[in-house]
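Here's the structure we're looking at; comments come further down.
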Amino acid sequence: VYINPLPKVEIYGDRYVCEAGILDLVASPKDGTWKSLNETVATVDQYGIVSGVSAGMAEIRFIVQTHEGCKDSASVNVTVNPSATLQPIIDNSQVCQGEEILVQYSFRGATGIEVGEILPEGVTYNINSNALTINGTHRESGDFLYTLTTTGQGAGCGQVTVVGSITVSPVPTAAFT
């Protein structure tokens, strides 16, 4: 009695990809079938090209069958990292002198935000969890530009920069005639 050995299956390649990005997996032996066990996160084609669909983890499997009918497989977990985003939530950036300025952005795919340019006197920013809040009261009229840039994308899924403005208008004065 001869027992056919199972084929030894191995998968090589990176295990991280960005949303909408691709990575190439290679299997040994080369003849087999690729399969994603979580296609809402990542898909894989017949050549081992993995496409990131949405943030999360997907198991990618390669199945080999010998001529004798013996099957074996290998699996790897591929992590799909989110692309960096920076979205406005609240935009109360056009105010009159003495009124409160309140601007808020949410971000993902980054660990922080760098605030560039100079905010008007009396206006500060705070980063809490996945949100940045700019608020305060400025007493003089004028237009003020600021830049926000996502930082800390260890996964390399892009950097986003937003240019925003704050407009403080003079309080209108009433004139009686």
Side-chain angles (χ1 to χ4, degrees), residues 13-25 34 36-45 48-60 75-177:
D14 200 356
R15 303 291 193 269
Y16 300 93
V17 65
C18 298
E19 286 177 323
I22 60 170
L23 69 88
D24 192 8
L25 294 177
W34 289 100
S36 171
L37 301 183
N38 190 351
E39 291 191 342
T40 62
V41 173
T43 60
V44 62
D45 70 9
I49 306 296
V50 177
S51 299
V53 176
S54 64
M57 187 177 294
E59 183 179 340
I60 304 295
S75 296
V76 294
N77 288 321
V78 171
T79 300
V80 178
N81 293 307
S83 297
T85 61
L86 186 55
Q87 297 292 322
I89 301 170
I90 299 170
D91 185 4
N92 187 29
S93 61
Q94 297 184 1
V95 298
C96 290
Q97 289 172 310
E99 292 180 344
E100 183 179 8
I101 296 162
L102 178 60
V103 178
Q104 192 170 51
Y105 288 85
S106 68
F107 62 93
R108 72 175 206 147
T111 56
I113 298 178
E114 180 179 287
V115 179
E117 307 304 321
I118 299 173
L119 294 173
E121 185 178 332
V123 177
T124 60
Y125 70 91
N126 180 38
I127 299 171
N128 187 2
S129 189
N130 287 331
L132 170 115
T133 302
I134 299 171
N135 67 334
T137 304
H138 186 63
R139 302 267 177 227
E140 296 182 31
S141 62
D143 293 316
F144 306 90
L145 292 178
Y146 61 87
T147 58
L148 306 175
T149 303
T150 56
T151 61
Q153 311 73 309
C157 290
Q159 185 178 61
V160 177
T161 299
V162 170
V163 177
S165 66
I166 295 171
T167 301
V168 180
S169 300
V171 176
T173 56
F176 296 100
T177 55

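Since we're looking at a predicted model, the values are computed, not measured.
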Inset, instruction - Could you pull out all residues at least two apart from Arg108 that satisfy salt bridge (charged side-chain N to carboxylate O under 4.0 Å, His left out)? - result: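 Result, salt bridge (charged side-chain N to carboxylate O under 4.0 Å, His left out) vs Arg108: Glu19.
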Inset, instruction - State which residues pass salt bridge (charged side-chain N to carboxylate O under 4.0 Å, His left out) with Glu99; sequence neighbours excluded, sorted by chain then number. - result: none
Legend entry - Minimum side-chain heavy-atom gap Glu100-Asn135 below 4.5 Å: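 Yes, their side chains come closer than 4.5 Å.
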Legend entry - Validation row: Val53, Thr43 side chains within 4.5 angstrom (heavy atoms):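 With C-beta onward as the side chain, the pair touches.
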Value rounded to 0.5 Å, distance of [atom1] in [X] from [atom2] in [Y]:
| X | Y | atom1 | atom2 | answer |
| --- | --- | --- | --- | --- |
| Asp24 | Ile49 | CG | CD1 | 3.5 Å |
| Leu86 | Ser106 | CG | OG | 7.5 Å |
| Ile166 | Asp143 | CD1 | CG | 10.5 Å |
| Tyr105 | Leu148 | OH | CG | 5.5 Å |

If I compare all heavy atoms of [X] with all of [Y], which pair ends up nearest, and what's the gap?
| X | Y | answer |
| --- | --- | --- |
| Ala55 | Val41 | O-CG2, 4.3 Å |
| Ser51 | Ile22 | OG-CG2, 3.7 Å |
| Thr150 | Ala110 | CB-CB, 3.6 Å |
| His138 | Glu140 | CD2-O, 2.7 Å |

Inset, instruction - For residues 165-174, pull every pair meeting salt bridge (Lys or Arg N to Asp or Glu O under 4.0 Å), keeping only residues two or more places apart or in separate chains. - result: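 The answer is none; no pair qualifies.
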Donor-acceptor pairs under 3.5 angstrom involving side-chain atoms of residues 119-134: please list them, not counting sequence neighbours.
residue, atom, partner, partner atom, Å
Thr133, OG1, Gln104, NE2, 2.8

Legend entry - Side-chain donor-acceptor contact under 3.5 Å, Glu114 with Thr151: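 Looking only at side-chain atoms, Thr151 and Glu114 do not form any donor-acceptor pair under 3.5 Å.
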Inset, instruction - Kindly indicate, with the supporting measurements, whether the criterion side-chain contact (heavy atoms from CB on, under 4.5 Å) is fulfilled by Ile101 and Val168. - result: CA-CA 9 Å; Ile101 296 162; Val168 180; 4.0 Å; yes
Which residues pass the side-chain contact (heavy atoms from CB on, under 4.5 Å) test with [X], sequence neighbours left out?
| X | result |
| --- | --- |
| Pro170 | Gln97, Ser141 |
| Val76 | Ile11, Arg15, Leu25, Ile60, Val78 |
| Ser165 | Leu145 |
| Asn92 | Val95, Leu102 |

Inset, instruction - Please confirm whether the backbone N or O of Ala42 pairs with a side-chain atom of Ser36, one donor and one acceptor, at under 3.5 Å? - result: yes
What pairs with [X] under side chain to side chain donor-acceptor pair (under 3.5 Å), at least two apart in sequence or on another chain?
| X | value |
| --- | --- |
| Ser93 | Asp91 |
| Thr149 | Thr161 |
| Asn38 | Thr40 |

Legend entry - With Phe107 via ring pair (Phe, Tyr, Trp, His ring centres under 6.0 Å) - residues at least two apart: none
